[in-house]
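As the structure is a computational prediction, the values presented were derived from the model and not from experiment.
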Amino acid sequence: MIDLTDVSYAYPDTDRFVLSHINLNVPAGTVAGIVGASGSGKTTLAKIISGFVPHVDGGQLEGTVVVDGATVADVTLAEAVSHVGLVIQSPFNQISGAKFTVREELAFGLENLGVAREEMAERVAEVAELLGITSLLERSPYALSGGQQQLVAIASMIIMRTPVLVMDEPTSQLDPGGTRMVFDVMSSLRDTGITLVIFEHKLEHLREHADVIHVLADHQLIASGPARSMLADPRLEEWGIGSTRFTTAARAARDRGLLAKNVELPVSLQDAVPLFEEFDAKRGA
């Protein structure tokens with residue numbers, strides 16, 4: 001569904017490549033998580049996949065970017081966004097400002113495409129039910145919490161029925177409740193067959209939702225692997241990404257001889273509970 005081959009990119013008026021020789025493949029219907037330290041180029045890569053580079057930002061793009069069978073550099077931005085939707089960090093900045101209710105906000109993109117009114121109504125009802133925001137439809141987008149606004153932003157992308165959705169740190173400005181709200185929606189999206197690419201620094205949540213993790217560092221994708229093993233990799237510390245509290249605690253316990261040296265380190269609470277229950281059982285025996 002997504003195939004990047006030897007992709008490098010420099011912003012306008014500079015010859016410094018912020019991404020270099022990126023190779024990335026994301027199969028259809030899967031969830032790819034991409035992690036990296038601040039300034040590693042995550043947002044730039046999100047823009048490349050979604051077509052905003054080079055169509056909006058300009059600059060020098062080398063290599064080939066193919067999304068849903070379309071070579072991004074060879075199509076217009078309007079054509080690119082029919083294949084992939086982008087959700088950015090700030091939910092407030094994704095609201096059009098032209099509509100008074102969530103229902104109208106969700107229909108806004110369809111209006112621009114000339115979709116028939118009856119079909120618009122059906123799509124709005126469908127996506128609202130999918131994301132659990134039916135009760136918000138008559139409310140003002142500006143009267144919602146940050147988490148609710150982000151759900152509306154995600155819904156406004158899903159309603160366009162693009163097969164790919166790119167999320168650039170969608171929970172970075174949300175509290176724990178809003179974060180959980182957004183990630184719960186991602187679980188629902190998996191069942192629809194949509195392909196998700198999630199750029200995120202909250203590693204515990206990526207463990208629960210991503211099939212594969214790709215690591216961005218030194219302007220390159222330098223490592224990939226299954227979510228649990230990749231997110232517990234000690235090299236994440238060296239790359240400035242860090243680790244979850246569960247990984248840190250288990251690593252300390254292992255180093256003190258309280259856990260086996262070859263134990264698979266936990267990333268989330270779901271991983272940690274059986275590991276430490278086993279440890280308690282052995283200690284009690």
Side-chain angles (χ1 to χ4, degrees), residues 1-2 26 28-32 46 49-52 67-68 77-171 173-174 177-200 205 208-210:
M1 181 60 72
I2 301 171
V26 182
T30 63
V31 180
I49 296 172
S50 57
F52 285 80
V67 179
D68 188 30
L77 179 61
E79 293 170 320
V81 298
S82 69
H83 297 277
V84 54
L86 174 65
V87 176
I88 61 176
Q89 298 177 22
S90 171
F92 183 83
N93 290 339
Q94 294 170 95
I95 296 173
S96 69
K99 299 298 180 180
F100 295 104
T101 67
V102 169
R103 184 185 301 278
E104 294 170 338
E105 182 71 22
L106 295 182
F108 185 55
L110 301 179
E111 289 176 342
N112 291 330
L113 294 179
V115 174
R117 183 173 296 274
E118 182 177 342
E119 182 180 347
M120 276 196 288
E122 291 174 355
R123 287 207 206 178
V124 167
E126 178 184 298
V127 75
E129 182 177 358
L130 175 65
L131 272 65
I133 59 172
T134 302
S135 63
L136 305 180
L137 288 177
E138 305 310 325
R139 294 179 61 183
S140 165
Y142 294 102
L144 306 179
S145 68
Q148 290 170 331
Q149 286 183 338
Q150 194 65 292
L151 293 186
V152 172
I154 294 170
S156 69
M157 292 293 102
I158 297 172
I159 203 169
M160 306 302 285
R161 295 184 177 173
T162 61
V164 177
L165 185 60
V166 176
M167 296 188 171
D168 181 19
E169 297 197 356
T171 67
Q173 299 187 22
L174 304 183
T179 295
R180 172 52 61 188
M181 192 183 301
V182 170
F183 273 100
D184 284 346
V185 163
M186 291 185 197
S187 295
S188 300
L189 294 181
R190 290 186 68 114
D191 299 332
T192 69
I194 196 170
T195 303
L196 285 170
V197 182
I198 307 170
F199 294 79
E200 184 57 75
H205 293 290
E208 298 176 15
H209 296 86

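- Side-chain contact between Arg103 and Leu136 is absent, with no heavy-atom pair separated by less than 4.5 Å.
- Distance alone, capped at 3.5 Å, places no donor-acceptor pair between the Glu105 side chain and the Ser156 backbone.
- In plain terms, the two heavy atoms of Gly51 and Ala80 that are nearest each other are CA-CB, 4.4 Å.
- His83 NE2 to Ser50 OG: the interatomic distance, rounded to the nearest 0.5 Å, is 13.0 Å.
- Considering only heavy atoms from C-beta on, Phe52 stays 4.5 Å or farther from Val166 through its side chain.
- Scanning all heavy atoms of the two residues, the minimum distance from Val87 to Pro170 falls at CG1-CB, 4.4 Å.
- Atom-to-atom distance recorded for Arg123:CZ and Leu130:CG is 13.5 Å, nearest 0.5 angstrom.
- No side-chain heavy atom of Leu189 sits less than 4.5 Å from a side-chain heavy atom of Val31.
- In this structure, the separation between CE on Met157 and CG on Leu106 is 10.5 Å, given to the nearest 0.5 Å.
- With hydrogens and angles disregarded, a donor-acceptor distance shorter than 3.5 Å links the side chain of Gln149 to the backbone of Pro141.
- Distance check, rounded to the nearest 0.5 Å: CG of Leu165 to CD1 of Ile49 gives 11.5 Å.
- Counting all heavy atoms, side chain and backbone alike, Thr162 lies closest to Ser82 at CG2-O, 3.6 Å.
- Contact annotation: the side chain of Glu200 never approaches that of Met167 to less than 4.5 Å [non-hydrogen atoms, C-beta and beyond].
- Of all heavy-atom pairs between Ala46 and Asp168, the closest is CB-CB, 4.2 Å.
- For the pair Thr195 and Asp68, the minimum side-chain heavy-atom distance is 4.5 Å or more.
- With values rounded to the nearest 0.5 angstrom, Gln94 atom CD is found 8.5 Å from Ile154 atom CD1.
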Output, in order, the C-alpha distance, side-chain angles, deciding distance and verdict of side chain to side chain contact (heavy atoms under 4.5 Å, CB included) for Ile95 and Val152. CA-CA 8 Å; Ile95 296 173; Val152 172; 5.6 Å; no
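- Within a 6.0 Å sphere centred on CD of Glu119, heavy atoms belonging to other residues, nucleotides or ligands number more than 12.
- In terms of heavy-atom proximity, Val127 sits nearest to Ala155 at CG2-O, 3.8 Å.
- Between Met1 and Val26 there is no side-chain heavy-atom pair separated by less than 4.5 Å.
- Of the possible donor and acceptor atoms, one in the side chain of His209 sits under 3.5 Å from a partner among the backbone N and O of Phe183.
- Two residues are said to be in side-chain contact when any heavy atoms from C-beta on lie closer than 4.5 Å; Leu144 and Leu151 fail this criterion.
- Taken to the nearest 0.5 Å, the CZ atom of Arg139 stands 11.5 Å off from the CD1 atom of Ile133.
- Side-chain contact between Thr171 and His205 is absent, with no heavy-atom pair separated by less than 4.5 Å.
- In this structure, Glu104 contributes its side chain and Thr101 its backbone to a donor-acceptor pair below 3.5 Å.
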